[in-house]
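Working notes, beginning with the structure itself.
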Amino acid sequence: MSDYLWDGSGPPDPEVVALEEALGELRFDRPMPPVAVKRPVRRWAWLAAALAMAVAAVLLWPRDEPSELASVGVPAVVGPGWKVERLSGMPSCSGSPVEEQARLGVDEWLLTDASSSARLEAADIGQVEVAPSTRLRLAATGPEGHRLELRRGAIHVRIEAPPRLFVVEMPHARAVDLGCEYTLEVDEQGDALLEVRAGWVALEAFGQTAYVGEGMQCRTHERALGIPHDGAATRAFLSALTLLEKNPANEDALEGLLESARAQDRATLWHLLRHARSSAAARDAIAARLQGLGLGEPPDPPAVRRGDPEALDTWGRRIGALPSSDPVWR
Amino acid sequence: MMKRPELSIAACEAVEASPAAFEERGESEDAMLVRRAQRGDRAALSELHRRYARMIHAIVLARVAPGDADDLAQDVFVHAIARLHTLREPSAFGGWMATIARNAARDHRRRRRPEQAFDDERAVHGGAGAVSGLRAKEALAAIARLPEAYREVLLMRLVEGMTGPEIATRAGLTPGSVRVNLHRGMKLLRKELGIDEEEAP
(Lines give C-alpha, C1' and ligand atoms only; values in the text may rest on other atoms or scores of the structure.)
Protein backbone atom coordinates (compact mmCIF):
# COMPACT_ATOMS: atom_id res chain seq x y z
CA MET A 1 0.00 0.00 0.00
CA SER A 2 1.27 3.46 -0.84
CA ASP A 3 2.33 5.60 2.07
CA TYR A 4 0.14 8.32 0.66
CA LEU A 5 -3.03 6.30 1.24
CA TRP A 6 -1.86 5.36 4.74
CA ASP A 7 -0.77 8.70 6.12
CA GLY A 8 -0.51 11.19 3.27
CA SER A 9 3.28 10.91 3.08
CA GLY A 10 5.39 10.03 0.07
CA PRO A 11 4.53 10.64 -3.57
CA PRO A 12 0.82 11.44 -4.00
CA ASP A 13 -1.32 8.69 -5.49
CA PRO A 14 -3.25 10.41 -8.30
CA GLU A 15 -6.38 8.31 -7.84
CA VAL A 16 -6.43 8.89 -4.11
CA VAL A 17 -5.87 12.61 -4.64
CA ALA A 18 -8.73 12.74 -7.16
CA LEU A 19 -11.06 10.98 -4.72
CA GLU A 20 -9.99 13.28 -1.88
CA GLU A 21 -10.75 16.32 -4.04
CA ALA A 22 -14.11 14.96 -5.15
CA LEU A 23 -15.21 13.77 -1.73
CA GLY A 24 -13.58 16.46 0.39
CA GLU A 25 -16.57 18.77 -0.07
CA LEU A 26 -18.50 16.40 2.19
CA ARG A 27 -15.99 16.76 5.03
CA PHE A 28 -17.56 17.54 8.39
CA ASP A 29 -16.68 20.95 9.74
CA ARG A 30 -19.38 22.04 12.15
CA PRO A 31 -18.60 23.38 15.62
CA MET A 32 -19.65 21.50 18.74
CA PRO A 33 -23.40 21.71 19.33
CA PRO A 34 -24.87 22.66 22.74
CA VAL A 35 -24.53 19.64 25.01
CA ALA A 36 -25.36 18.76 28.61
CA VAL A 37 -23.28 16.40 30.70
CA LYS A 38 -24.74 14.21 33.42
CA ARG A 39 -22.19 13.50 36.10
CA PRO A 40 -21.62 9.85 36.99
CA VAL A 41 -22.82 8.40 40.29
CA ARG A 42 -19.88 8.49 42.64
CA ARG A 43 -18.07 5.22 43.15
CA TRP A 44 -18.65 5.26 46.89
CA ALA A 45 -22.40 5.62 46.35
CA TRP A 46 -22.38 2.53 44.11
CA LEU A 47 -20.47 0.59 46.75
CA ALA A 48 -22.76 1.70 49.56
CA ALA A 49 -25.85 0.82 47.52
CA ALA A 50 -24.38 -2.54 46.53
CA LEU A 51 -23.56 -3.45 50.13
CA ALA A 52 -26.97 -2.43 51.39
CA MET A 53 -28.79 -4.36 48.71
CA ALA A 54 -26.57 -7.41 49.17
CA VAL A 55 -27.51 -7.54 52.83
CA ALA A 56 -31.18 -7.07 51.99
CA ALA A 57 -31.04 -9.75 49.32
CA VAL A 58 -29.58 -12.29 51.68
CA LEU A 59 -31.93 -11.53 54.54
CA LEU A 60 -35.19 -10.66 52.88
CA TRP A 61 -35.58 -11.96 49.32
CA PRO A 62 -36.25 -15.68 48.73
CA ARG A 63 -35.44 -16.89 45.23
CA ASP A 64 -38.36 -17.67 42.90
CA GLU A 65 -36.47 -20.41 41.14
CA PRO A 66 -32.99 -21.69 41.78
CA SER A 67 -30.58 -20.91 38.97
CA GLU A 68 -29.23 -23.93 37.15
CA LEU A 69 -26.38 -21.89 35.79
CA ALA A 70 -22.95 -21.50 37.24
CA SER A 71 -21.96 -17.92 37.89
CA VAL A 72 -19.61 -17.21 35.02
CA GLY A 73 -18.45 -14.13 33.22
CA VAL A 74 -20.06 -11.14 34.90
CA PRO A 75 -19.92 -11.28 38.71
CA ALA A 76 -23.28 -11.23 40.51
CA VAL A 77 -22.89 -7.68 41.72
CA VAL A 78 -26.04 -6.53 43.42
CA GLY A 79 -27.07 -3.12 42.15
CA PRO A 80 -30.15 -1.01 41.57
CA GLY A 81 -32.90 -2.79 39.66
CA TRP A 82 -34.18 -2.07 36.18
CA LYS A 83 -37.36 -0.22 35.33
CA VAL A 84 -40.14 -2.41 33.92
CA GLU A 85 -42.90 -0.98 31.77
CA ARG A 86 -46.01 -2.98 30.93
CA LEU A 87 -46.68 -3.09 27.20
CA SER A 88 -49.67 -5.44 27.11
CA GLY A 89 -51.60 -7.82 29.34
CA MET A 90 -50.40 -8.24 32.93
CA PRO A 91 -46.76 -9.26 33.27
CA SER A 92 -45.51 -10.40 36.66
CA CYS A 93 -42.43 -8.92 38.32
CA SER A 94 -41.11 -10.83 41.32
CA GLY A 95 -44.49 -12.41 41.83
CA SER A 96 -46.47 -9.16 41.66
CA PRO A 97 -48.54 -8.01 38.70
CA VAL A 98 -47.19 -5.01 36.80
CA GLU A 99 -50.03 -2.61 36.19
CA GLU A 100 -48.04 0.22 34.62
CA GLN A 101 -44.45 0.23 35.87
CA ALA A 102 -42.35 -1.69 38.34
CA ARG A 103 -38.77 -2.31 39.30
CA LEU A 104 -36.99 -5.63 38.60
CA GLY A 105 -34.33 -6.25 41.20
CA VAL A 106 -31.33 -8.52 40.96
CA ASP A 107 -32.26 -12.18 41.15
CA GLU A 108 -35.92 -11.42 40.51
CA TRP A 109 -38.03 -12.90 37.71
CA LEU A 110 -40.10 -11.15 35.09
CA LEU A 111 -42.80 -13.45 33.70
CA THR A 112 -45.15 -12.85 30.79
CA ASP A 113 -48.03 -15.06 29.77
CA ALA A 114 -49.42 -15.62 26.27
CA SER A 115 -51.13 -12.22 26.24
CA SER A 116 -48.66 -10.00 28.06
CA SER A 117 -45.42 -8.25 27.21
CA ALA A 118 -43.09 -5.73 28.82
CA ARG A 119 -40.13 -3.46 28.25
CA LEU A 120 -37.05 -3.26 30.48
CA GLU A 121 -34.75 -0.26 30.71
CA ALA A 122 -31.37 -2.01 30.84
CA ALA A 123 -29.59 0.28 33.30
CA ASP A 124 -28.44 3.22 31.14
CA ILE A 125 -27.24 1.15 28.24
CA GLY A 126 -30.34 0.14 26.34
CA GLN A 127 -33.66 -1.64 26.30
CA VAL A 128 -34.99 -5.18 26.37
CA GLU A 129 -38.48 -5.93 25.05
CA VAL A 130 -39.95 -9.06 26.58
CA ALA A 131 -42.31 -11.07 24.38
CA PRO A 132 -45.31 -13.11 25.59
CA SER A 133 -44.69 -16.47 27.28
CA THR A 134 -41.26 -15.51 28.56
CA ARG A 135 -39.40 -16.20 31.79
CA LEU A 136 -36.55 -13.79 32.42
CA ARG A 137 -34.33 -13.11 35.45
CA LEU A 138 -32.05 -10.17 36.16
CA ALA A 139 -28.92 -11.97 37.30
CA ALA A 140 -26.56 -9.02 37.75
CA THR A 141 -26.27 -5.35 37.02
CA GLY A 142 -23.57 -2.89 37.94
CA PRO A 143 -20.49 -1.02 36.81
CA GLU A 144 -18.76 -4.27 35.85
CA GLY A 145 -21.54 -5.41 33.55
CA HIS A 146 -25.07 -6.74 33.22
CA ARG A 147 -26.43 -10.27 32.94
CA LEU A 148 -29.89 -11.66 32.20
CA GLU A 149 -31.06 -15.24 32.40
CA LEU A 150 -33.54 -16.14 29.66
CA ARG A 151 -35.07 -19.43 30.74
CA ARG A 152 -37.78 -19.57 28.10
CA GLY A 153 -39.48 -17.25 25.56
CA ALA A 154 -38.11 -14.35 23.55
CA ILE A 155 -36.53 -10.95 24.06
CA HIS A 156 -35.54 -8.19 21.68
CA VAL A 157 -32.40 -6.44 22.84
CA ARG A 158 -30.98 -3.09 21.91
CA ILE A 159 -27.76 -2.10 23.64
CA GLU A 160 -25.39 0.84 23.33
CA ALA A 161 -22.34 -0.08 25.37
CA PRO A 162 -18.77 -1.26 24.92
CA PRO A 163 -18.55 -4.92 23.88
CA ARG A 164 -19.07 -7.69 26.42
CA LEU A 165 -20.78 -5.53 28.98
CA PHE A 166 -24.13 -7.25 28.47
CA VAL A 167 -24.63 -11.02 28.54
CA VAL A 168 -27.74 -13.20 28.25
CA GLU A 169 -27.48 -16.67 29.75
CA MET A 170 -29.76 -19.36 28.31
CA PRO A 171 -30.09 -23.03 29.28
CA HIS A 172 -27.59 -24.25 26.66
CA ALA A 173 -25.90 -21.06 25.41
CA ARG A 174 -24.69 -17.61 26.25
CA ALA A 175 -25.12 -14.51 24.08
CA VAL A 176 -22.39 -11.92 24.54
CA ASP A 177 -23.27 -8.48 23.27
CA LEU A 178 -20.70 -6.92 20.98
CA GLY A 179 -23.21 -4.11 20.03
CA CYS A 180 -26.15 -3.75 19.37
CA GLU A 181 -29.64 -5.04 18.30
CA TYR A 182 -30.91 -8.63 18.21
CA THR A 183 -33.62 -11.12 19.19
CA LEU A 184 -33.05 -14.17 21.37
CA GLU A 185 -35.52 -17.02 21.69
CA VAL A 186 -35.44 -20.11 23.87
CA ASP A 187 -37.84 -23.00 23.25
CA GLU A 188 -39.24 -25.64 25.58
CA GLN A 189 -36.19 -27.87 25.02
CA GLY A 190 -33.88 -25.00 26.02
CA ASP A 191 -32.56 -24.53 22.48
CA ALA A 192 -31.67 -20.97 21.51
CA LEU A 193 -32.22 -18.99 18.33
CA LEU A 194 -30.34 -15.72 17.81
CA GLU A 195 -31.24 -13.25 15.06
CA VAL A 196 -29.09 -10.15 14.75
CA ARG A 197 -30.64 -7.03 13.35
CA ALA A 198 -27.63 -4.75 13.79
CA GLY A 199 -24.07 -5.13 15.05
CA TRP A 200 -22.60 -8.37 16.32
CA VAL A 201 -23.26 -10.98 18.98
CA ALA A 202 -21.01 -13.83 20.06
CA LEU A 203 -23.09 -16.97 20.72
CA GLU A 204 -21.23 -19.40 22.96
CA ALA A 205 -22.40 -23.00 23.44
CA PHE A 206 -20.94 -26.47 23.96
CA GLY A 207 -17.37 -25.16 23.97
CA GLN A 208 -17.69 -23.25 20.70
CA THR A 209 -18.33 -19.66 19.68
CA ALA A 210 -20.21 -18.31 16.68
CA TYR A 211 -19.94 -14.66 15.64
CA VAL A 212 -23.31 -13.58 14.34
CA GLY A 213 -23.53 -10.32 12.41
CA GLU A 214 -26.20 -8.09 10.99
CA GLY A 215 -28.91 -9.93 9.10
CA MET A 216 -27.72 -13.32 10.30
CA GLN A 217 -29.12 -16.10 12.46
CA CYS A 218 -27.66 -18.89 14.55
CA ARG A 219 -29.20 -21.53 16.77
CA THR A 220 -28.42 -24.41 19.08
CA HIS A 221 -29.98 -27.79 18.37
CA GLU A 222 -29.55 -31.31 19.73
CA ARG A 223 -26.72 -30.30 22.05
CA ALA A 224 -24.70 -28.57 19.33
CA LEU A 225 -24.05 -25.03 18.19
CA GLY A 226 -25.16 -24.36 14.64
CA ILE A 227 -23.35 -22.39 11.96
CA PRO A 228 -24.49 -18.77 11.53
CA HIS A 229 -26.19 -18.03 8.23
CA ASP A 230 -27.60 -15.08 6.37
CA GLY A 231 -31.33 -14.58 6.92
CA ALA A 232 -31.83 -14.43 3.17
CA ALA A 233 -29.78 -17.53 2.33
CA THR A 234 -31.26 -19.73 -0.39
CA ARG A 235 -33.17 -22.86 0.41
CA ALA A 236 -30.56 -25.00 -1.32
CA PHE A 237 -27.82 -23.42 0.75
CA LEU A 238 -29.71 -23.93 4.02
CA SER A 239 -30.54 -27.55 3.20
CA ALA A 240 -26.89 -28.31 2.56
CA LEU A 241 -25.88 -26.42 5.70
CA THR A 242 -28.26 -28.49 7.84
CA LEU A 243 -26.62 -31.67 6.54
CA LEU A 244 -23.15 -30.28 7.21
CA GLU A 245 -24.05 -29.26 10.75
CA LYS A 246 -24.89 -32.91 11.44
CA ASN A 247 -21.85 -34.26 9.60
CA PRO A 248 -19.07 -31.83 8.53
CA ALA A 249 -17.48 -34.66 6.54
CA ASN A 250 -20.47 -34.88 4.17
CA GLU A 251 -18.73 -34.08 0.87
CA ASP A 252 -21.91 -34.02 -1.20
CA ALA A 253 -23.48 -31.51 1.15
CA LEU A 254 -20.34 -29.34 1.05
CA GLU A 255 -20.32 -29.39 -2.74
CA GLY A 256 -23.99 -28.40 -2.84
CA LEU A 257 -23.44 -25.64 -0.30
CA LEU A 258 -20.48 -24.16 -2.14
CA GLU A 259 -22.36 -24.25 -5.45
CA SER A 260 -25.24 -22.27 -4.01
CA ALA A 261 -23.14 -19.87 -1.91
CA ARG A 262 -23.36 -16.12 -2.51
CA ALA A 263 -21.00 -13.39 -1.29
CA GLN A 264 -23.52 -12.70 1.48
CA ASP A 265 -22.84 -16.22 2.78
CA ARG A 266 -19.19 -15.42 3.52
CA ALA A 267 -19.60 -15.65 7.28
CA THR A 268 -21.13 -19.12 7.00
CA LEU A 269 -18.27 -20.29 4.83
CA TRP A 270 -15.76 -18.78 7.24
CA HIS A 271 -17.34 -20.58 10.21
CA LEU A 272 -17.15 -23.82 8.26
CA LEU A 273 -13.45 -23.12 7.65
CA ARG A 274 -13.04 -22.67 11.35
CA HIS A 275 -15.05 -25.73 12.35
CA ALA A 276 -12.83 -28.15 14.24
CA ARG A 277 -14.06 -31.12 12.22
CA SER A 278 -13.46 -29.61 8.77
CA SER A 279 -10.74 -31.43 6.85
CA ALA A 280 -7.87 -29.79 5.00
CA ALA A 281 -9.48 -30.74 1.70
CA ALA A 282 -12.75 -29.14 2.80
CA ARG A 283 -10.91 -25.98 3.83
CA ASP A 284 -9.23 -25.85 0.42
CA ALA A 285 -12.61 -26.05 -1.30
CA ILE A 286 -14.17 -23.43 0.98
CA ALA A 287 -11.21 -21.05 0.62
CA ALA A 288 -11.34 -21.43 -3.16
CA ARG A 289 -15.04 -20.61 -3.15
CA LEU A 290 -14.50 -17.51 -1.01
CA GLN A 291 -11.92 -16.34 -3.51
CA GLY A 292 -14.29 -17.17 -6.34
CA LEU A 293 -16.87 -14.92 -4.71
CA GLY A 294 -14.44 -12.01 -5.02
CA LEU A 295 -13.42 -11.91 -1.37
CA GLY A 296 -9.71 -12.10 -2.06
CA GLU A 297 -7.00 -14.52 -1.14
CA PRO A 298 -6.37 -15.70 2.40
CA PRO A 299 -3.44 -13.96 4.11
CA ASP A 300 -1.61 -17.25 4.67
CA PRO A 301 -3.00 -20.12 2.58
CA PRO A 302 -1.03 -22.96 4.23
CA ALA A 303 -2.04 -21.73 7.69
CA VAL A 304 -5.67 -21.47 6.61
CA ARG A 305 -5.48 -24.97 5.14
CA ARG A 306 -4.36 -26.45 8.43
CA GLY A 307 -6.96 -24.46 10.34
CA ASP A 308 -4.60 -22.08 12.14
CA PRO A 309 -6.90 -19.96 14.36
CA GLU A 310 -4.94 -16.72 13.98
CA ALA A 311 -4.77 -16.95 10.20
CA LEU A 312 -8.47 -17.77 10.05
CA ASP A 313 -9.35 -14.88 12.33
CA THR A 314 -7.28 -12.43 10.28
CA TRP A 315 -9.01 -13.51 7.10
CA GLY A 316 -12.39 -13.47 8.82
CA ARG A 317 -12.01 -9.82 9.81
CA ARG A 318 -10.79 -8.91 6.39
CA ILE A 319 -13.77 -10.39 4.56
CA GLY A 320 -16.36 -9.11 7.04
CA ALA A 321 -17.14 -12.46 8.66
CA LEU A 322 -16.06 -11.10 12.06
CA PRO A 323 -16.46 -7.74 13.79
CA SER A 324 -14.02 -5.27 12.30
CA SER A 325 -13.21 -3.78 15.71
CA ASP A 326 -10.25 -5.49 17.19
CA PRO A 327 -11.09 -8.40 19.15
CA VAL A 328 -12.28 -8.26 22.62
CA TRP A 329 -13.74 -11.63 21.88
CA ARG A 330 -10.49 -13.56 22.20
CA MET B 1 -1.52 1.37 44.12
CA MET B 2 -1.60 5.06 45.03
CA LYS B 3 -2.30 5.65 48.72
CA ARG B 4 -5.21 7.94 49.39
CA PRO B 5 -4.66 10.51 52.14
CA GLU B 6 -8.15 10.06 53.59
CA LEU B 7 -11.31 8.16 52.81
CA SER B 8 -13.43 11.11 51.81
CA ILE B 9 -15.33 11.33 48.54
CA ALA B 10 -13.77 14.67 47.62
CA ALA B 11 -10.27 13.36 48.30
CA CYS B 12 -10.89 10.23 46.22
CA GLU B 13 -12.23 12.25 43.32
CA ALA B 14 -9.32 14.66 43.51
CA VAL B 15 -6.87 11.77 43.38
CA GLU B 16 -8.74 10.18 40.49
CA ALA B 17 -8.64 13.41 38.52
CA SER B 18 -4.97 14.20 39.09
CA PRO B 19 -2.50 13.89 36.22
CA ALA B 20 -0.44 11.57 38.38
CA ALA B 21 -3.41 9.24 38.72
CA PHE B 22 -3.90 9.24 34.95
CA GLU B 23 -0.26 8.42 34.41
CA GLU B 24 -0.36 5.66 36.97
CA ARG B 25 -3.34 4.14 35.18
CA GLY B 26 -1.41 4.38 31.89
CA GLU B 27 -4.30 6.23 30.32
CA SER B 28 -4.20 7.85 26.92
CA GLU B 29 -4.75 11.54 26.40
CA ASP B 30 -8.20 10.84 24.98
CA ALA B 31 -9.17 8.83 28.08
CA MET B 32 -8.06 11.79 30.21
CA LEU B 33 -10.27 14.06 28.14
CA VAL B 34 -13.22 11.71 28.63
CA ARG B 35 -12.77 11.70 32.40
CA ARG B 36 -12.61 15.49 32.43
CA ALA B 37 -15.64 15.71 30.18
CA GLN B 38 -17.54 13.40 32.54
CA ARG B 39 -16.94 15.99 35.20
CA GLY B 40 -18.44 18.73 33.05
CA ASP B 41 -15.21 20.22 31.68
CA ARG B 42 -16.47 22.01 28.56
CA ALA B 43 -13.00 22.52 27.14
CA ALA B 44 -12.52 18.75 27.27
CA LEU B 45 -15.90 18.24 25.59
CA SER B 46 -14.97 20.65 22.85
CA GLU B 47 -11.68 18.85 22.28
CA LEU B 48 -13.47 15.47 22.14
CA HIS B 49 -15.82 16.87 19.51
CA ARG B 50 -12.89 18.15 17.51
CA ARG B 51 -11.17 14.76 17.66
CA TYR B 52 -14.15 12.46 17.11
CA ALA B 53 -16.77 14.36 15.10
CA ARG B 54 -15.21 13.40 11.77
CA MET B 55 -15.11 9.71 12.70
CA ILE B 56 -18.78 9.89 13.69
CA HIS B 57 -19.62 11.68 10.45
CA ALA B 58 -17.85 9.07 8.34
CA ILE B 59 -19.65 6.20 10.09
CA VAL B 60 -22.98 7.94 9.58
CA LEU B 61 -22.16 8.83 5.96
CA ALA B 62 -21.44 5.14 5.32
CA ARG B 63 -25.14 4.49 5.90
CA VAL B 64 -27.26 7.57 5.24
CA ALA B 65 -27.68 10.17 2.51
CA PRO B 66 -25.04 12.91 2.45
CA GLY B 67 -27.71 15.56 2.97
CA ASP B 68 -28.59 14.04 6.33
CA ALA B 69 -25.13 13.11 7.55
CA ASP B 70 -24.09 16.43 9.09
CA ASP B 71 -27.19 16.87 11.23
CA LEU B 72 -27.21 13.23 12.23
CA ALA B 73 -23.54 13.35 13.25
CA GLN B 74 -24.28 16.28 15.54
CA ASP B 75 -27.28 14.46 17.00
CA VAL B 76 -25.09 11.44 17.67
CA PHE B 77 -22.59 13.56 19.57
CA VAL B 78 -25.28 15.23 21.66
CA HIS B 79 -26.93 11.88 22.42
CA ALA B 80 -23.60 10.29 23.35
CA ILE B 81 -22.52 13.14 25.63
CA ALA B 82 -25.87 12.96 27.42
CA ARG B 83 -25.00 9.35 28.24
CA LEU B 84 -21.29 9.87 28.85
CA HIS B 85 -21.79 9.15 32.54
CA THR B 86 -22.61 5.51 31.67
CA LEU B 87 -19.21 4.93 30.08
CA ARG B 88 -17.17 3.17 32.76
CA GLU B 89 -14.04 2.67 30.68
CA PRO B 90 -12.89 6.00 29.18
CA SER B 91 -10.41 4.17 26.97
CA ALA B 92 -13.39 2.56 25.18
CA PHE B 93 -14.78 5.96 24.16
CA GLY B 94 -14.00 5.61 20.45
CA GLY B 95 -15.58 2.19 20.07
CA TRP B 96 -18.53 3.31 22.15
CA MET B 97 -19.11 6.39 20.00
CA ALA B 98 -18.81 4.26 16.86
CA THR B 99 -21.53 1.92 18.12
CA ILE B 100 -23.86 4.81 18.91
CA ALA B 101 -23.22 6.31 15.47
CA ARG B 102 -24.01 3.02 13.70
CA ASN B 103 -27.22 2.58 15.69
CA ALA B 104 -28.35 6.10 14.95
CA ALA B 105 -27.63 5.72 11.26
CA ARG B 106 -29.58 2.50 11.03
CA ASP B 107 -32.55 4.03 12.88
CA HIS B 108 -32.46 7.02 10.56
CA ARG B 109 -32.41 4.84 7.48
CA ARG B 110 -35.40 2.84 8.68
CA ARG B 111 -37.42 5.98 9.34
CA ARG B 112 -36.58 7.62 6.03
CA ARG B 113 -39.33 8.28 3.48
CA PRO B 114 -38.60 7.18 -0.13
CA GLU B 115 -39.30 10.63 -1.69
CA GLN B 116 -36.55 12.15 0.43
CA ALA B 117 -34.03 10.28 -1.72
CA PHE B 118 -34.42 13.02 -4.38
CA ASP B 119 -32.86 15.54 -2.00
CA ASP B 120 -29.77 13.38 -1.76
CA GLU B 121 -28.80 13.98 -5.38
CA ARG B 122 -28.99 17.73 -4.89
CA ALA B 123 -26.95 17.48 -1.71
CA VAL B 124 -24.09 15.84 -3.56
CA HIS B 125 -24.21 17.87 -6.75
CA GLY B 126 -24.93 21.25 -5.19
CA GLY B 127 -21.89 21.72 -2.99
CA ALA B 128 -20.05 24.93 -3.66
CA GLY B 129 -16.57 24.50 -5.04
CA ALA B 130 -16.99 20.82 -5.92
CA VAL B 131 -14.34 19.64 -8.33
CA SER B 132 -16.61 17.02 -9.81
CA GLY B 133 -20.07 16.47 -8.39
CA LEU B 134 -20.64 13.52 -10.67
CA ARG B 135 -17.44 11.84 -9.51
CA ALA B 136 -18.37 12.36 -5.85
CA LYS B 137 -21.72 10.66 -6.44
CA GLU B 138 -20.04 7.81 -8.29
CA ALA B 139 -17.43 7.43 -5.59
CA LEU B 140 -20.00 7.42 -2.78
CA ALA B 141 -22.15 4.88 -4.61
CA ALA B 142 -19.13 2.66 -5.20
CA ILE B 143 -18.05 2.94 -1.58
CA ALA B 144 -21.59 2.05 -0.50
CA ARG B 145 -21.24 -1.29 -2.31
CA LEU B 146 -18.16 -2.28 -0.31
CA PRO B 147 -18.15 -4.33 2.91
CA GLU B 148 -18.81 -2.28 6.02
CA ALA B 149 -15.27 -2.50 7.37
CA TYR B 150 -13.85 -0.98 4.19
CA ARG B 151 -16.62 1.60 3.79
CA GLU B 152 -16.03 3.31 7.08
CA VAL B 153 -12.24 3.55 6.92
CA LEU B 154 -12.32 4.76 3.31
CA LEU B 155 -14.76 7.52 4.18
CA MET B 156 -12.67 8.48 7.19
CA ARG B 157 -9.61 8.71 4.93
CA LEU B 158 -11.02 10.15 1.70
CA VAL B 159 -13.83 12.37 2.99
CA GLU B 160 -12.67 13.36 6.45
CA GLY B 161 -8.94 13.46 5.68
CA MET B 162 -8.02 11.30 8.67
CA THR B 163 -4.72 9.45 8.41
CA GLY B 164 -4.42 5.71 9.00
CA PRO B 165 -2.85 6.13 12.46
CA GLU B 166 -5.57 8.61 13.40
CA ILE B 167 -8.31 6.23 12.25
CA ALA B 168 -6.79 3.46 14.35
CA THR B 169 -6.61 5.64 17.46
CA ARG B 170 -10.08 7.12 17.20
CA ALA B 171 -11.94 3.97 16.15
CA GLY B 172 -10.15 1.70 18.63
CA LEU B 173 -8.60 -0.47 15.90
CA THR B 174 -5.04 -1.69 15.48
CA PRO B 175 -2.96 0.09 12.86
CA GLY B 176 -2.58 -3.29 11.15
CA SER B 177 -6.32 -3.73 10.73
CA VAL B 178 -6.76 -0.21 9.41
CA ARG B 179 -3.90 -0.62 6.98
CA VAL B 180 -5.35 -3.85 5.61
CA ASN B 181 -8.86 -2.40 5.34
CA LEU B 182 -7.61 0.73 3.59
CA HIS B 183 -5.55 -1.28 1.14
CA ARG B 184 -8.24 -3.85 0.37
CA GLY B 185 -10.94 -1.20 0.35
CA MET B 186 -9.06 0.97 -2.12
CA LYS B 187 -8.38 -2.02 -4.33
CA LEU B 188 -12.07 -2.92 -4.44
CA LEU B 189 -13.03 0.72 -4.92
CA ARG B 190 -10.79 1.00 -7.97
CA LYS B 191 -12.49 -2.11 -9.34
CA GLU B 192 -15.96 -0.68 -8.63
CA LEU B 193 -15.02 2.55 -10.38
CA GLY B 194 -13.62 0.67 -13.36
CA ILE B 195 -10.09 1.90 -12.82
CA ASP B 196 -7.47 -0.34 -14.36
CA GLU B 197 -5.37 -1.59 -11.45
CA GLU B 198 -2.31 -1.99 -13.63
CA GLU B 199 -2.37 1.74 -14.25
CA ALA B 200 -2.77 2.57 -10.57
CA PRO B 201 0.39 3.16 -8.53
Side-chain angles (χ1 to χ4, degrees), chain A residues 1-2 4-8 11 13-16 18-28 30-45 123-125 143-144 158-163 165 179-181 197-199 214 294 296 299 314 317-320 324-326 328, chain B residues 9 12-13 37-40 45-46 49 53-54 57 61 66 70 73-74 77-78 81-86 88-89 92 95-96 99-100 102-103 106 127 129-132 135-136 139 147-149 157-161 163-165 172-174 177 179-184 186 190 195 200-201:
Chain A
M1 179 172 70
S2 72
Y4 187 79
L5 178 62
W6 172 240
D7 60 9
D13 179 327
E15 287 298 331
V16 176
L19 284 164
E20 284 178 305
E21 287 174 353
L23 293 169
E25 68 176 29
L26 300 172
R27 182 171 302 180
F28 186 76
R30 289 200 191 172
M32 187 178 81
V35 293
V37 180
K38 185 174 171 184
R39 292 184 61 140
V41 176
R42 291 170 171 172
R43 190 173 294 179
W44 288 102
D124 280 327
I125 62 168
E144 301 303 317
R158 187 187 165 92
I159 296 293
E160 288 176 0
L165 210 63
C180 56
E181 187 175 356
R197 190 171 188 190
E214 181 175 327
T314 300
R317 285 196 298 280
R318 193 179 294 181
I319 63 174
S324 57
S325 296
D326 256 334
V328 292
Chain B
I9 293 173
C12 289
E13 287 197 333
Q38 285 177 323
R39 286 171 171 76
L45 275 174
S46 181
H49 182 265
R54 288 177 298 153
H57 184 255
L61 187 61
D70 282 14
Q74 294 285 68
F77 188 79
V78 170
I81 295 306
R83 300 160 64 90
L84 191 59
H85 64 285
T86 68
R88 302 297 171 189
E89 231 1 277
W96 181 73
T99 300
I100 293 174
R102 290 181 191 116
N103 288 347
R106 286 188 187 103
V131 172
S132 168
R135 188 69 188 276
E148 182 183 295
R157 175 66 184 87
L158 299 173
V159 172
E160 311 296 344
T163 63
L173 303 171
T174 63
S177 290
R179 188 180 280 270
V180 164
N181 287 342
L182 274 176
H183 171 66
R184 288 284 307 156
M186 194 63 208
R190 288 185 209 275
I195 297 170

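Just so it is clear: chains get the letters A, B, ... in the order the sequence lines come, proteins before strands, and each one is counted from 1. Only heavy atoms go into these numbers, but all of them, side chains included; no hydrogens, no water, no symmetry mates.
- A 4.5 Å side-chain heavy-atom check between A:Y4 and A:E20 finds at least one atom pair inside the cut-off.
- For the pair B:H49/B:Q74, a side-chain contact is recorded, criterion being any heavy-atom separation below 4.5 Å from C-beta on.
- Contacts of A:A161 with chain B are made by backbone atoms alone, with heavy-atom separations under 4.5 Å and no side-chain atom involved.
- Contact annotation: the side chain of B:W96 approaches that of B:T86 to within less than 4.5 Å [non-hydrogen atoms, C-beta and beyond].
- With contacts defined as side-chain heavy-atom distances shorter than 4.5 Å, the pair A:V16/B:R157 qualifies.
- Put simply, CG on B:L84 and CD on B:Q38 are 4.5 Å apart, with the number rounded to the nearest 0.5 Å.
- B:A73 touches chain A through its side chain: at least one heavy atom from C-beta onward sits under 4.5 Å away, while N, CA, C and O do not.
- When each of B:R83, B:R54, B:M186 is scored by its heavy-atom pairs under 4.5 Å with chain A, the top score falls to B:R83.
- A salt bridge does not link B:R190 to A:E15: none of the charged nitrogens lies less than 4.0 Å from a carboxylate oxygen.
- Within the 4.5 angstrom heavy-atom criterion, only backbone atoms of A:P34 (N, CA, C, O) approach chain B.
- Heavy-atom pairs under 4.5 Å with chain A were tallied for B:T163, B:L61, B:N103; the largest tally goes to B:N103.
- Among A:G294, A:G296, A:A198, the residue with the largest count of heavy-atom pairs under 4.5 Å with chain B is A:A198.
- Ranked by heavy-atom pairs under 4.5 Å with chain B, the list A:P162, A:G320, A:G199 is led by A:P162.
- For the options B:T99, B:I100, B:D70, heavy-atom pairs under 4.5 Å to chain A are most numerous at B:D70.
- Taking a cutoff of 4.0 Å between a charged side-chain nitrogen and a carboxylate oxygen, A:E181 and B:R106 do not qualify as a salt bridge.
- Neither the backbone nor the side chain of A:P299 comes within less than 4.5 Å of any heavy atom in chain B.
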